[in-house]
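Keep in mind that this is a model prediction, so the values were computed, not measured. We use all heavy atoms of the structure for the numbers below, so side chains are in, but hydrogens, waters and symmetry mates are not. Numbers for residues simply follow the sequence, beginning at 1. Start at 1 and go down the list; that is how both ligands and their atoms are numbered.
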Amino acid sequence: MLILGIESSCDETAAAVVENGTRVLSSVVASQVEVHHAYGGVVPELASRKHIEAIVPVTSQALTEAHISLGELDALAVTRGPGLVGALLVGFSFGKACAFSLGIPWVGVNHLEGHVHSVFLEGDPPPFPFIALLVSGGHTGIYHVTAPMAVELMGQTRDDAAGEAFDKVSKMLDLGYPGGGMIDHIAKNGDPGAIRFPRSYLDRSGFDFSFSGIKTAVQRYIAKHRDDYQKRIGDIAAGFQEAVVEVLTDKAIEAASRKGCRHIALVGGVAANSRLREKLRQHAAEYSVKVHIPSHKFCGDNAAMIAAAGYHYLKAGIVAQLKDDAFSRAG
Ligand code: KG4
Ligand code: ZN
C-alpha cells in the first residue's frame with residue numbers, strides 16, 4: 001500500500017511516500033527554523049503562513065523523489081494533532097482536499113503515535129512488546145507498546161517537555177533557538193559533573209516527569225554567577241544535559257523492567273541528543289535491554305513516521321471523514 005504522509009503540526013512542513021508502513025520512498029522536510037529563530041521560539045501565526053507556502057512544493061517534491069504520480073497513491077495519512085491548531089489545519093485541510101479529489105481513503109494520525117512509528121522506518125525495528133521513550137519539544141512520555149495500534153501511556157511530563165527545557169536553557173545562555181542541538185554541541189566542551197543540577201524523579205515508582213525545576217535551577221545559577229557564568233557555559237550545558245538524560249534513562253529502564261520488556265525505542269526530536277543516545281544504550285545494556293533509535297532525520301518531525309502509523313490505521317479499517325477536524329491537545 002502506497003501512502004502519502006503529510007505533517008504540519010509545528011514548524012516543519014513535511015511530506016513522504018512510504019510503502020506498507022516501512023519502506024520510505026521519499027521524505028521531504030522543509031524547516032522554518034530561520035523564520036522563528038529571530039523570535040527565540042515558534043510564532044504560531046508565522047508557522048501557519050509558512051506551511052501554506054510550503055505544502056504544495058514539499059508534496060510535489062516528495063512525489064517526484066519517490067517517482068510516484070498522484071494516481072498511483074493508495075491512501076493519505078495526515079497529522080491531525082496534537083500541535084499548533086493553525087499549523088495543523090494547513091496540512092489536514094490539504095490532505096482532506098487531496099484525498100477527496102483523488103477519491104482515495106485518508107486518515108488523521110496522532111502525531112505522538114507517528115513518533116513511536118518512526119522506529120519502524122529503518123533496519124532495526126524492535127519486536128513487540130517494547131517501551132517507547134518519546135522526547136520532543138512538545139511532549140515527553142513513556143509508553144508500553146504491545147502492537148502497532150496498542151500504545152499505552154505509562155507516564156508523561158507534568159510541566160515542560162524535555163525539548164522545551166533544552167530550548168529554554170539555550171535561550172538563557174544566549175545560544176539561540178532551537179536549543180537542543182546547541183546545548184548538545186556546547187556540552188561536549190564541558191564537564192557533566194562540575195555543576196550538579198537537581199534531578200526530579202517525582203514519585204520514584206511512577207513514570208511522570210517534571211522539567212521545570214531544573215530549568216529554574218539553571219536560571220538561579222546564572223543569576224548568582226552573573227559576572228562569570230559566561231566562562232562556564234560548557235559546564236552549565238553539560239550539567240543540565242546530564243541531569244535531564246539521567247532521569248529519562250532511569251525511568252525508561254524502570255519501565256522496561258516493570259513491564260518485562262527487553263526493548264526500548266527512543267523517539268522524538270530530543271532522541272537526536274548524543275549523550276542521551278549513548279547513556280541509554282550503555283545503561284540498558286547492563287540490564288540486557290536493547291535500545292532502538294531512529295537516525296537523526298527520523299527523530300525530528302517528518303511525514304514518513306505519519307505514513308508509517310497511518311498504514312496501521314488504514315489496515316484496521318479506520319478512515320477519516322470530511323467532517324473531521326484537527327485537534328490541538330492530546331487526550
Ligand atoms: O520532535 P520534534 O522535532 O518536534 C516536536 O514534536 O516537538 O522535537 C523538537 C525538539 C526541540 O525542542 C529541539 O531543541 C530538540 O527537539 N532537539 C534536541 C536535539 N536536537 C533537537 N534536544 C537535545 N539534543 C539534541 N541534539
Ligand atoms: Zn514531533
Side-chain angles (χ1 to χ4, degrees), residues 5-14 16 27 29-33 36-37 40-42 44 47 51 78-84 87-88 91 109-119 121 132-141 143 156-157 160-173 175-188 190 192 211 214-215 237-238 240-249 265-280 293-306 308-309 328-330:
I6 291 176
E7 154 66 36
S8 71
S9 66
C10 190
D11 59 347
E12 261 100 24
T13 318
S27 177
V29 180
S31 168
Q32 304 178 358
V33 162
H36 303 290
H37 184 85
V42 177
H51 284 308
V78 193
T79 306
R80 189 175 179 196
L84 302 169
L88 283 161
V109 172
N110 181 303
H111 182 80
L112 308 180
E113 283 181 35
H115 273 299
V116 170
H117 281 264
S118 65
V119 81
L121 296 171
L133 171 61
L134 162 56
V135 271
S136 74
H139 304 275
T140 297
Y143 300 82
Q156 61 186 328
T157 182
D160 291 352
E164 198 178 346
F166 270 92
D167 292 336
K168 288 179 178 166
V169 166
S170 168
K171 206 168 171 179
M172 288 175 210
L173 297 174
L175 297 174
Y177 174 87
M182 285 305 290
I183 300 263
D184 192 349
H185 181 68
I186 301 276
K188 291 191 199 310
F211 294 108
I214 182 171
K215 180 193 68 189
F240 158 78
Q241 178 174 272
E242 199 62 20
V244 172
V245 164
E246 209 170 287
V247 176
L248 289 171
T249 302
L266 173 63
V267 296
V270 183
N273 185 268
S274 57
R275 181 66 184 136
L276 179 57
R277 294 168 88 95
E278 173 190 57
K279 183 145 182 159
L280 184 60
I293 315 176
S295 57
H296 286 229
K297 65 177 185 285
F298 295 131
C299 289
D301 288 345
N302 66 87
M305 68 185 195
I306 303 301
S328 61
R329 284 180 157 274

Taking only non-hydrogen atoms of Gly300 and a 4.0 Å limit, the atoms of ligand 1 in range are 3 (O)
Hey, what do you get for OG (Ser9) to CZ (Arg80), rounding to the nearest 0.5 Å?
-> 14.5 Å
Which residue holds the protein heavy atom closest to atom 15 (C) of ligand 1, what is that atom called, and what is the gap in Å?
-> Val270 CG2, 3.9 Å
Nearest-0.5 Å distance that lies between atom CD in Glu164 and atom OG1 in Thr157 = 8.0 Å
Protein N/O/S count near the Zn ion (ligand 2) (criterion: distance under 2.8 Å) = 3
Reported CD1-to-CG distance for the pair Ile306 and Asp301, which is rounded to 0.5 angstrom | 8.0 Å
Please confirm whether His115 comes under 4.0 Å of ligand 1, counting heavy atoms of the residue only.
-> yes
Would you mind running through ligand 1 and noting each atom that sits below 4.0 Å from a heavy atom of Ala272?
-> 20 (N), 26 (N)
Judging by distance only, is a nitrogen or oxygen of Asp184 under 3.5 angstrom from one on ligand 1?
-> yes
Protein heavy-atom partner closest to atom 14 (O) of ligand 1 - residue, atom, separation in Å = Asp167 OD1, 2.7 Å
Should Gly163 be counted as touching ligand 1, given the test is an N or O pair under 3.5 Å?
-> yes
For ligand 1, which atoms have a heavy atom of Gly138 less than 4.0 angstrom away?
-> 7 (O)
among protein heavy atoms, the one nearest atom 17 (N) of ligand 1 is Gly269 O, 3.6 Å
Heavy atom of the protein closest to atom 22 (N) of ligand 1 (residue, atom name, distance) | Gly180 CA, 3.2 Å
Which of the numbered atoms in ligand 1 are below 4.0 angstrom from a heavy atom of Gly137?
-> 5 (C), 7 (O), 8 (O), 9 (C), 10 (C), 12 (O)
Euclidean distance, Ser170 OG relative to Met182 CE, rounded to 0.5 Å | 6.5 Å
Which residue holds the protein heavy atom closest to atom 24 (N) of ligand 1, what is that atom called, and what is the gap in Å?
-> Asn273 ND2, 3.0 Å
Check if Cys10 has a non-hydrogen atom at a distance under 4.0 Å from any atom of ligand 1.
-> no
The closest protein heavy-atom partner of atom 4 (O) of ligand 1 is Asp301 OD2, 3.2 Å
Between Gly91 and Val78, the two heavy atoms sitting closest are O-CG1, 3.3 Å
Between the CD atom in Gln241 and the CD1 atom in Ile186, the distance rounded to the nearest 0.5 Å is 11.0 Å
Can you measure from CE (Met172) to CZ (Phe240) and round to the nearest 0.5 angstrom?
-> 8.0 Å
Atom indices of ligand 1 within 4.0 angstrom of Ser136 heavy atoms, with elements = 1 (O), 5 (C), 6 (O), 7 (O), 8 (O)
Short N or O distance, Gly268 and ligand 1, threshold 3.5 Å exclusive = no
May I ask you to identify, for His111, whether its side chain, its backbone, both or neither come under 4.0 Å of ligand 1 on a heavy-atom basis?
-> side chain
